[in-house]
> 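I have a structure here, written as structure tokens, and I will follow up with some questions on it.
Excluded from the calculations below are hydrogen atoms, water molecules and symmetry mates; all remaining heavy atoms, backbone and side chain alike, are included.
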Amino acid sequence: MDSFMKRAVELAVQNVNEGGQPFGAVLVKDNLIVSEGVNELHKKHDVSGHAELLAIRRAQEKFETNELSGYTMYASGEPCSMCLTAMYFAGIDKLYYCQSTEDAAAVGLGKSTFIYHELKKNRDDRTLQMTQMTLVEGQDDPMKVWKQKQ
């Protein structure tokens, strides 16, 4: 396990040296590294380009699956809510991380802490205004269409 975390931290440091943020991730199954990722926000200008998400995407593409149960994620930093949610959706079983969201906030990377706090609030109390709308009259209901096709 130490070697997988060591690799995740090495990726994070390398990413900082290349102009990126200090986050690296390694996805493991059966004691083998399946995929890796680093934050690529500075390269792709894509807010979803986080280390953990990229490692997940690469494994899913490689094995042509959405299901990653039996896999373990090693991350240099505690995953943000987006990455953590992706791990739940993918079925990843275990997560190991080194530095906390509070550690990240202490060096100016505090969005994760803010978002975790926001998600605890009721919808109406969040900073992002959310309004539910109804379907346009006569329009197919996508949920019903999906259910019918199952």
> Check whether any side-chain N or O of N122 sits under 3.5 Å from a backbone N or O of D124 as a donor-acceptor pair, and report yes or no.
no

> Checking E52 against S76 for the side chain to side chain contact (heavy atoms under 4.5 Å, CB included) test, could you report, in this order, the C-alpha distance in whole Å, the side-chain angles of both residues, the deciding distance, and whether it holds?
CA-CA 10 Å; E52 301 90 340; S76 63; over 6 Å; no

> With a 3.5 Å distance limit and no angle check, can you tell me whether S69 reaches the backbone of I92 through a side-chain donor-acceptor pair?
no

> Might you point out which heavy atoms bring A59 and V34 nearest each other, and give the distance in Å?
CB-CG1, 3.9 Å

> Taking it one step at a time, do R57 and S48 satisfy side-chain hydrogen bond (donor to acceptor under 3.5 Å, both in side chains)?
CA-CA 11 Å; R57 285 179 192 154; S48 71; 2.9 Å; yes

> Give me the ring orientation class for Y74 and F4: parallel if the planes are under 30° apart, tilted from 30 to 60°, perpendicular past 60°.
tilted

> So does N15 get a backbone contact from the side chain of E18, meaning a donor-acceptor N/O pair under 3.5 Å?
no

> What is the distance from atom CD of Q60 to atom CZ of F89, rounded to the nearest 0.5 Å?
11.5 Å

> Check this for me: does any side-chain nitrogen of one of K62 and E36 sit under 4.0 Å from a carboxylate oxygen of the other?
no

> Grab the two heavy atoms, one from P79 and one from M87, that are nearest each other, plus how far apart they are.
CG-CE, 3.5 Å

> Please indicate whether K121 has more than 12 foreign heavy atoms, meaning atoms of other residues, nucleotides or ligands, lying under 6.0 Å from its NZ.
yes

> Check this for me: Q129, atom CD, are more than 12 non-hydrogen atoms of other residues, nucleotides or ligands nearer than 6.0 Å?
no

> A quick test of your reading: do over 12 heavy atoms of other residues, nucleotides or ligands sit less than 6.0 Å from CZ of F63?
yes

> For L54 and G37, which heavy atoms make the closest approach, and how far apart are they?
CB-CA, 4.4 Å

> Compare all side-chain heavy atoms of L27 with those of L68 and state whether any distance is below 4.5 angstrom.
yes

> Using 0.5 Å steps for rounding, measure from the CG atom of N31 to the NZ atom of K29.
13.0 Å

> Do V9 and C98 come within less than 4.5 Å of each other through their side chains, counting heavy atoms only?
yes

> Answer yes or no: is there a donor N or O on one side and an acceptor on the other, between the side chain of E118 and the main chain of T127, under 3.5 Å?
yes

> Is any side-chain heavy atom of V38 closer than 4.5 Å to one of Q14?
no

> With no hydrogens and no angle check, is any side-chain donor or acceptor of S35 less than 3.5 Å from a backbone partner on A55?
yes

> Does E78 reach the main-chain N or O of Q99 with its side chain, forming a donor-acceptor pair under 3.5 Å?
no

> How close do T101 and S112 get, counting heavy atoms only, and between which atoms?
CG2-CB, 3.8 Å

> Do Q150 side-chain atoms and W146 backbone N/O form a donor-acceptor pair below 3.5 Å?
yes

> Counting only N and O atoms by type, is there a donor-acceptor contact under 3.5 Å from the side chain of N39 to the main-chain atoms of H50?
no

> Short question: side chain of D141, backbone of M143 - any donor-acceptor pair under 3.5 Å?
yes

> Other than L109, which residues form its hydrophobic cluster under the rule that side-chain heavy atoms must be closer than 4.5 Å?
F23, V107

> Answer yes or no: are there more than 12 heavy-atom neighbours, outside D2 itself, under 6.0 Å from its atom CG?
no

> Could you give the distance from OG1 (T113) to CG (D103), rounded to the nearest 0.5 Å?
9.5 Å

> To the nearest 0.5 Å, what is the distance between OG on S81 and CG on L119?
5.0 Å

> Between V16 and Q21, is the side chain to side chain contact (heavy atoms under 4.5 Å, CB included) condition met? List the steps.
CA-CA 5 Å; V16 170; Q21 293 180 346; 5.9 Å; no

> Please check if the number of heavy atoms outside K111 that lie under 6.0 Å from its NZ is greater than 12.
no

> Assigning hydrophobic clusters by single linkage (Ile, Leu, Val, Met, Phe, Trp, Tyr; side-chain heavy-atom cutoff under 4.5 Å), is L95 placed with Y71?
yes

> If two hydrophobic side chains count as joined below 4.5 Å and joins carry through other members, does Y88 share a cluster with Y97?
yes

> Please determine whether the number of non-hydrogen atoms from other residues, nucleotides or ligands lying under 6.0 Å from atom CD of Q132 exceeds 12.
no

> What are the two closest non-hydrogen atoms of A25 and L11, and how far apart are they?
O-CD1, 3.8 Å

> Closest approach of D140 and V145, non-hydrogen atoms and distance?
CB-CG2, 4.0 Å

> Could you check whether any side-chain heavy atom of K147 comes within less than 4.5 Å of a side-chain heavy atom of P142, counting everything from C-beta outward?
no

> Mind checking whether M73 and I56 have side chains closer than 4.5 Å, heavy atoms only?
yes

> Which value, rounded to the nearest 0.5 Å, describes the distance between I115 atom CD1 and L84 atom CG?
12.5 Å

